[in-house]
Amino acid sequence: MNKKVRVRFAPSPTGGLHIGGMRTVLFNYLFAKHNNGDFILRIEDTDQNRFVPGAEEYIFECLKWCGLEPDESVLHGGGYAPYRQSERKELYKQYAEQLVKEGKAYYAFDTPAELEEKRKTVPNFQYSQLTRSEMKNSLTLDEDAVQKLLAENIPHVTRIKMPHDETVGFVDMIRGAVNFNTSQVDDKVLLKADGMPTYHLAVVVDDYLMKITHAFRGEEWLPSSPVHILLWQYLFGIENMPEWAHLPLILKPDGKGKLSKRDGDRLGFPVFTMNWTDPKTGELTAGFRERGFLPEAFINFLALLGWNDGSEQEIFTIEELIKKFSIERVHKAGAKFDYEKAKWFNHEWIKRSTVNSLQLTLKPLLINAGVEVNDDEKLKTAIELVKDRCTLLPDFVQQSSFFFQSPKEIDINSIKPKWNEHKQQFFAELIHVYGLSTLWNHEELENSFKELAAASQIKPGDVLLPLRIMLVGGKFGPHVFNIAEVLGKKETINRIKHTLSLLSSELNG
RNA sequence: GGCCGGUUCGUCUAUCGGCUAGGACAUCUCCCUUUCACGGAGGAAAGACGGGUUCGAUUCCCGUACCGGCUACCA
């Protein structure tokens, strides 16, 4: 019988959550749910110098917004607590000690300053089997000296002792067999001078202790995998190592390299999941949520960045993604981020969303933008009428505010050049006709409008645009008679009168 | 520099030896629309290069080039 699938996302709470990280969350989540497994969130806060207040809460908020809730975490509980590595500090030391005892690791007493100096003077310096004999460590110092340093609490780290000329490898779920020669790998630090483990030790220990069965991480981790493989061998048995998949990177749309938050500022698109303000610098990095993305669209877009189900389908609900996801179908190569395509996904999702669900997120957004939304039914009608022309949620402000309040600006310049007494007369009569109308719906309004135009010997096309500008304020929006229907008789007539008075003063002046 | 990974239209991708190389975004043309969109029809646009293997290679192998990642007491 197979073990229950358990996967983890293990972010370091040092700032905003990049879309690459969010995609790793998504793939973890989809894989877990596809296999009826558990999704664990583990906080990797072993670097105390990089602690950023609020970052952890922010990560949870991002997951919540996307609906990708962990089964186990600091917040959700679970049988493998604590889920914060800083709270597991004491656990790691024994494993490091075990490795030293078995001759698979050693203490190193070189100070950071000494190492820095070394790197300055020796090009491409690596603390490795080539150089460790000339450094200050428990391999070069005699036993008494080491014991003395230890007894004096001289700061030191524990390094893995990479074996000579061995091939270590594994089968990546996405890339297939990957092999390394241990002679090429340096003696990575396992336990830092402050007693905290590095990522290398912590990830292996915790993946074992938390019974992780499959581990997904970015491609940038590939080069350190031989260290992790060796640790599994030494500590827990290679047969217990999770299956690994190294995810392709998300690249800059222009230039080269992986996408960074700076690219967003530079090119004008969000890179983080939600807005993030650096508590130290106050610098704000834009997020997809605040930019007006629907979480469904955001997830759909992320899933398709590097994965597809082999068909031509592009729009997927989360349920479909769970059903169809397979890690083997993840593309090997990195993908350049395409903001236009991301917006297309959002537009598609807006068009497909029901008025009721849109109304829920849109109402506060509109009120916040100063639109006086006082009638939910009217709001729903307005959303139905304009949603096809909104790509991002804030587009609804411009596209629907005129339903609730008369336009602040009227683009009178688009009417003026062709304005004349005849048209002025037509609209004066239109006010009269509309005032008498008993059936206020768009068909009737259009009919009586056209009848009046014919009677006035005026082409409907010549007065349609002016009418639109009177009601909307500009050259946009849904069909003008639909708008008039929603506005109602009184408001429609008022707006016509208002613009008419503006125009007549223009005409006379 | 060394190690590891990658390479199909401008971009995201399909293809698991038979291809007239398919789709989507963007772009262009037209239709619909007396606004802006939506929608519909169509166009242009790709297998880095060189060797093998094979009846046949985009697909398999090897080299080269190029791109990327890593090379911290950061993750």
Side-chain angles (χ1 to χ4, degrees), chain A residues 10-14 21 44-47 49-50 85 108 110-112 115-116 119 123-128 155-159 172 174-175 178-181 183-186 188-200 202-203 217-226 246 248-249 251-254 256-258 301 304-315 328-329 331-345 347-348 351 386-391 395 398-399 411 414 450 459-465 467-469 472 474-480:
Chain A
S12 164
T14 52
E44 305 221 335
D45 56 346
T46 55
D47 187 351
N49 301 321
R50 294 211 300 166
Q85 287 181 331
D110 320 84
T111 66
L115 290 173
E116 198 182 325
R119 291 197 178 90
N124 301 321
F125 173 79
Q126 297 239 97
Y127 206 119
S128 70
H156 62 279
V157 301
T158 307
R159 287 181 181 272
D172 189 283
I174 296 172
R175 291 151 211 282
V178 184
N179 292 299
F180 302 83
N181 187 301
S183 296
Q184 302 287 347
V185 186
D186 59 330
K188 289 264 181 275
V189 170
L190 264 21
L191 210 59
K192 303 186 245 186
D194 65 359
M196 278 288 190
T198 59
Y199 171 81
H200 307 295
V203 74
R217 64 200 340 182
E219 194 186 336
E220 71 268 28
W221 289 106
L222 213 36
S224 59
S225 61
H246 289 86
L249 266 16
L251 277 9
K252 298 177 197 295
D254 60 351
K256 311 150 190 298
K258 52 179 178 179
F301 161 68
L304 272 278
L305 204 57
W307 174 86
N308 73 84
D309 74 337
S311 76
E312 280 169 5
Q313 182 177 350
E314 294 200 89
I315 304 298
E328 291 81 8
R329 283 205 64 87
H331 201 69
K332 291 185 184 73
K336 284 187 185 170
F337 176 73
D338 182 355
Y339 188 49
E340 291 306 316
K341 187 80 185 226
K343 283 194 292 189
W344 175 80
F345 275 102
H347 194 186
E348 289 300 309
K351 284 189 288 181
V386 305
K387 66 176 188 167
D388 279 1
R389 53 205 88 205
C390 294
T391 299
D395 293 346
Q398 130 102 314
Q399 287 292 338
D411 180 14
S414 292
K450 286 187 171 166
K459 279 188 282 183
D462 290 344
V463 278
L464 224 31
L465 185 67
L467 176 63
R468 165 175 301 281
I469 288 172
V472 175
K475 287 188 275 190
F476 62 92
H479 289 293
V480 69

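Computed from heavy atoms alone, side chains included, the values below leave out hydrogens, waters and symmetry copies. Below, chain A is the first sequence line, B the second, and so on; all start at residue 1.
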In the structure shown, which nucleotide is the Watson-Crick or G-U wobble counterpart of [N], with both distances under 3.5 Å?
N      : result
B:rU8  : none
B:rA37 : none
B:rU71 : B:rG1
B:rG42 : B:rC28
B:rG63 : B:rC49
B:rC16 : none

Sugar-phosphate only, base, or nothing, as touched by A:Gly306 at under 4.0 Å among non-hydrogen atoms: sugar-phosphate
Sugar-phosphate, base or nothing in reach of A:Asn181, heavy atoms under 4.0 Å: nothing
Could you check how far [atom1] of [X] sits from [atom2] of [N], rounded to whole Å?
X        : N      : atom1 : atom2 : result
A:Gln184 : B:rC3  : CD    : P     : 5 Å
A:Glu312 : B:rC12 : CD    : C1'   : 14 Å
A:Asp309 : B:rC12 : CG    : P     : 19 Å

Side chain to side chain, A:Gln184 and A:Ser128, heavy atoms closer than 4.5 Å: no
Beyond-backbone contact of A:Phe337 with A:Phe301, side-chain heavy atoms, under 4.5 angstrom: yes
Protein proximity profile, nucleotides 34-47 of chain B - base contact B, sugar-phosphate-only contact S, no contact -, cut-off 4.0 Å on heavy atoms: BBBBSS--------
Per-nucleotide protein contact string for nucleotides 66-75 of chain B, where B marks a base within reach and S marks sugar-phosphate only (heavy atoms under 4.0 Å, - for neither): -SSBSSSBBB
Cationic tip of A:Arg159 above A:Tyr127 ring, under 6.0 Å, 45° of axis: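 Checked: cation-pi criterion met.
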Anti or syn - B:rC61, cut at 90° from 0: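 In terms of base orientation relative to the sugar, B:rC61 is anti.
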Phosphate-side-chain proximity, A:Asn308 and B:rA14, N/O vs OP1/OP2 below 4.0 Å: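 It does, given that an N or O in the side chain of A:Asn308 lies less than 4.0 Å from OP1 or OP2 of B:rA14.
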A:His331 vs B:rA14: side-chain N/O to OP1/OP2 distance below 4.0 Å: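 Result: yes.
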Residue A:Arg175, side-chain atoms from C-beta onward, closest of B:rC25, B:rG5, B:rU11: B:rG5
Salt-bridge present (A:Arg50, A:Asp47; N to O < 4.0 Å): yes
